[in-house]
2 protein chains.
Amino acid sequence: MSTQQSLPKYLQISELLIRDIAAGRLEDGARLPTERDLAAQLSTSVGTLRKALSELERQGLLERVQGSGNYIRSKSEVNSIYSFFRVELLEGGGLPRAEVLDVSKQAKPTEFPYFGSNNEGFRIRRMRYLNDIPAVLEEIWLDANHAKTITPADLNEALYVYYRKSLDLWITRVEDRIGLQPKPTWCPEYLHLNDTTVCVDRLSFDQRDQPVEFSKSWINSDVAQYVARIK
Amino acid sequence: MSTQQSLPKYLQISELLIRDIAAGRLEDGARLPTERDLAAQLSTSVGTLRKALSELERQGLLERVQGSGNYIRSKSEVNSIYSFFRVELLEGGGLPRAEVLDVSKQAKPTEFPYFGSNNEGFRIRRMRYLNDIPAVLEEIWLDANHAKTITPADLNEALYVYYRKSLDLWITRVEDRIGLQPKPTWCPEYLHLNDTTVCVDRLSFDQRDQPVEFSKSWINSDVAQYVARIK
DNA sequence: AGGAATTTGTGCGTATGTATC
DNA sequence: AGATACATACGCACAAATTCC
């Protein structure tokens, strides 16, 4: 049988604090109780608590100041903000790879924005890899008006290429919104996501500037310390 | 006099190992002695050694495998292990262009992370253009130890090229954090930013892996043509 | 200005859990 | 199944930075 163990205590604590931040119970700038006090409240040792706090610091949610205290640094406001950001992967080096996890036709969730008149859509779930590291979990919804069926075999090439070649559908523009959202319930075990994680919502528009596709991308929090160089 | 303190022991150890890797004394794939043995060799405790190893892991130089051992990972892919989105402009039009708005020497804001021992830094503010559209507003801080003066004329070429040619400073690694931050007060009228906007904080490291530069980039929310590429 | 109190950082030791070989 | 090796967890002492008086 599987020996599915509960998370280590230090991760349980960091996730607890993250939820408190996301829910607004801990606001930006707030100072935590002293480590000894907080450890006592949580029935843990100072060392374990410190490891949890280090995790928060690594995620940029906490600033730790020796001699002073631990301060929340939440870049919140997340939900209400509209930011446009297009995230794609590069060809050079290893090809960016995507593995299709599931394809199905479903009724569109009611909370989604408008992306076509059909009540149903094709739902594609896939994992994108960067250098063979699972990096981004995606759920892509295409309005059902644009295809009779879609199978994983159709998706061997880039999605937009498939749209163009097989569906006569050109994506000419996208709008992205970045924010924090809950981890999806269908996230595979091998991709580590926090309970609340960075998520990009994308609405894609066709050649007539009509919205035809909506997608959500959850970014691997282990891969969330970014980087690179400006060319 | 300067209060040059010795580094904490755990950092001394991680730097020692980094030098061994850089010098080829520890090759890619090599397995370190067990933590207890290595700690004994280095006359330290297992806990302190583990903290040093965590630092190496954070830098992508070490892979730690429970039940097996600690393995050197010194491929030139060091940067990409950490993930990393390479933010560039989409090809298409002309060369990416940057306009220097202001250069001055200032005391470093206290809330900035450590990027050199000098209390002052050179502050460079500039606008980057994408196809002649103002796209990214940048504020770059270089630790004042690295130059006597900097003038806009120095910055005609790419910043890192200037660093290398004129300041004998190589940027070998950067760490970026993406988040949402307030629009800067000095944002020119002609760049449209939301009150809260996507911001990338970048800490850059020199050839000795010391942080020497810190920058903040605010991204024009109207511009959807950004591509985040991985190196 | 300066010293005491507070608070986080470093370092050590030990015991136990869990994955690998 | 046993041995080995890293991961987690606890506790303590002291150092260093900050804050308060």
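Just so we're on the same page: letters track the sequence lines, and every chain starts at 1.
- Judged as a salt bridge (Lys or Arg N to Asp or Glu O under 4.0 Å), and not counting sequence neighbours, K51(B) has no contacts.
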Going 5' to 3' through nucleotides 5-13 of chain D, assign each nucleotide B (protein heavy atom under 4.0 Å from a base atom), S (under 4.0 Å only from sugar-phosphate atoms) or - (no protein heavy atom that close). BBBBSBS--
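- E55(B) has its CD atom 14 Å from the C1' atom of dG9(C), to the nearest Å.
- Residues passing the salt bridge (Lys or Arg N to Asp or Glu O under 4.0 Å) test with D102(B), sequence neighbours excluded: R123(B).
- Atom CG of L42(B) is separated from atom C1' of dC12(C) by 15 Å (rounded to the nearest Å).
- Residues that satisfy the side chain to side chain donor-acceptor pair (under 3.5 Å) test with R64(B), not counting sequence neighbours, are E35(B), S54(B), N70(B).
- Residues passing the side chain to side chain donor-acceptor pair (under 3.5 Å) test with S215(A), sequence neighbours excluded: none.
- With sequence neighbours excluded, no residue forms a side chain to side chain donor-acceptor pair (under 3.5 Å) with T44(A).
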